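These numbers were taken from a predicted model, which means no experiment stands behind them.
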Amino acid sequence: MPTDERGHTGFDIGRLTFSGAVAGAAMTPISRVVELRDATLADADGIATVNVRSWRAAYRGLLPDDVLAGLSVHDREQFWSGPLTTRPANTRIVVAAIRNAIVGFVATGPPLVPDDQADPTLGDLYALYLDPDVWRRGIGTQLHAAALDRLRSCGFTRAGLWVLDTNERALRFYNRHGWTDAGRTQVDHGPGGTELPERRLQRELTV
């Protein structure tokens, strides 16, 4: 998820979209009624709502309360409408829906940090977010699998992501799914200039 969180041209994943607000991988019956599909412009509002609700739940205690309270669904809708309209090359957004309601999404594409852009084999998982009401239902695992499939379909053989360094829930999720520490960190700046210490994770896409 999605930077000028990491500062960049092309698909600017934005300050609300590093790959962090995922929870649990337990499979329950709800995961069997989830539809995964490529996002359309009509999904921008649903994606934005999940984006904001997920941040407010996952980052409570990790980011200042006033920053979380000030998040705007309208602003996020405008942000996500951009890539859903322009369709940047090799960028994909997949939504998870239950009875046509968006409950999660994942975004992938070419690296956004300049240091990684010289490697044509490397793609990034920009963002993976779930509505808190469906955490620990296996939907995050389904979206993660869809993200890897989209990266492979674009010709990437390796993947990377940035995750909030203090988000232990997300770190456990990615470790369970084959991601390892790349030995790199950075401090990004989020809403209101909030410092976001991030850790780089990596994995092979051939595994």
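Atom OH of residue Tyr129 and atom CG of residue Asn51 lie 6.0 Å apart, to the nearest 0.5 angstrom. To the nearest 0.5 Å, atoms CD1 (Ile93) and CG (Asp38) are separated by 9.5 Å. If you take CG on Leu196 and CG on Leu63, they are separated by 6.0 Å, rounding to the nearest 0.5 Å. Note that CZ of Arg169 is 11.5 Å distant from CG of Leu164, once rounded to the nearest 0.5 Å. In this structure, Thr141 OG1 and Phe173 CZ are separated by 4.5 Å, a value rounded to the nearest 0.5 Å. Atom CG of Leu125 is separated from atom CZ of Phe156 by 12.0 Å, given to the nearest 0.5 angstrom.
Here the rule is salt bridge (Lys or Arg N to Asp or Glu O under 4.0 Å) with Arg200, and of Asp124, Asp115, Asp165 only Asp124 fits it.
Under a 3.5 Å cut-off, the side chain of Arg56 and the backbone N or O of Ala69 do form a donor-acceptor pair. Without hydrogens or angle criteria, Trp55 side chain to Leu68 main chain gives no donor-acceptor distance under 3.5 Å. Between the side chain of Arg172 and the backbone N or O of Ala170 there is no donor-acceptor pair closer than 3.5 Å. The main-chain N or O of Asp149 is never found under 3.5 Å from a side-chain atom of Arg92 such that the two would form a donor-acceptor pair. Between the side chain of Arg158 and the backbone N or O of Gln202, no donor-acceptor pair lies under 3.5 Å.
Here the side chains of Val34 and Arg137 are not in contact, with every heavy-atom distance at 4.5 Å or above. Residues Leu41 and Ser81 are in side-chain contact: their nearest non-hydrogen atoms beyond the backbone lie under 4.5 Å apart. Annotation: side chain of Gln117 is not in contact with side chain of Pro110 (no heavy-atom distance under 4.5 Å). You'll find the side chain of Pro111 stays beyond 4.5 Å of the side chain of Asp119, heavy atoms only.
Under the rule for a side chain to side chain donor-acceptor pair (under 3.5 Å), Asp75 has no partner lying at least two apart in sequence or in another chain.
Hydrophobic clustering, with ILVMFWY side chains joined whenever heavy atoms are under 4.5 angstrom apart, groups Leu171 together with Leu130. In the hydrophobic clustering of this structure, Leu122 does not group with Leu112; members are Ile, Leu, Val, Met, Phe, Trp, Tyr whose side-chain heavy atoms approach within less than 4.5 Å, directly or through other members. Two different hydrophobic clusters hold Val73 and Val67 under the rule that ILVMFWY side chains link at heavy-atom gaps under 4.5 Å. By the criterion of side-chain heavy atoms lying less than 4.5 angstrom apart, applied directly or through intervening Ile, Leu, Val, Met, Phe, Trp or Tyr residues, Val187 is not grouped with Leu62; the two fall into different hydrophobic clusters.
A salt bridge links Asp116 to Arg184: one of the charged nitrogens lies within less than 4.0 Å of a carboxylate oxygen.
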With side-chain contact (heavy atoms from CB on, under 4.5 Å) as the test, would you mind laying out the steps for Thr49 and Ile102 before giving the verdict? CA-CA 9 Å; Thr49 300; Ile102 305 299; over 6 Å; no
Given the rule in the side-chain contact (heavy atoms from CB on, under 4.5 Å) test, do Arg150 and Val106 qualify, once you have shown the distances and angles that lead to the verdict? CA-CA 10 Å; Arg150 297 307 191 275; Val106 66; over 6 Å; no
Between Leu128 and Tyr174, does a side-chain contact (heavy atoms from CB on, under 4.5 Å) hold up when you go through it step by step? CA-CA 11 Å; Leu128 198 172; Tyr174 288 117; 3.6 Å; yes
So Leu84 and Ile47, side-chain contact (heavy atoms from CB on, under 4.5 Å) or not? Walk me through it. CA-CA 11 Å; Leu84 289 170; Ile47 290 171; 4.1 Å; yes
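The two residues His177 and Arg203 have their closest heavy-atom pair at O-NH1, 2.7 Å. Closest of all the heavy-atom pairs between Val94 and Ala146 is CG1-CB, 4.3 Å. Between Asp131 and Val50, the shortest heavy-atom distance links the atoms N-CG1, 3.7 Å. Annotation for Gly104 and Leu143: closest pair C-CD1, 3.8 Å, computed over non-hydrogen atoms. Closest heavy-atom contact between His189 and Gly193: CD2-O, 3.5 Å.
Atom CG of Asp66 has more than 12 neighbouring heavy atoms from other residues, nucleotides or ligands inside a 6.0 Å radius. For CZ of Arg60, the number of neighbouring non-hydrogen atoms (other residues, nucleotides, ligands) closer than 6.0 Å is greater than 12.
With a 6.0 Å cutoff to the six-membered ring centre and a 45° limit on the axis angle, Arg76 counts as a cation-pi contact of Phe79.
The aromatic rings of Trp179 and His144 lie perpendicular to each other, with more than 60° between the two planes, well past the 30° mark.
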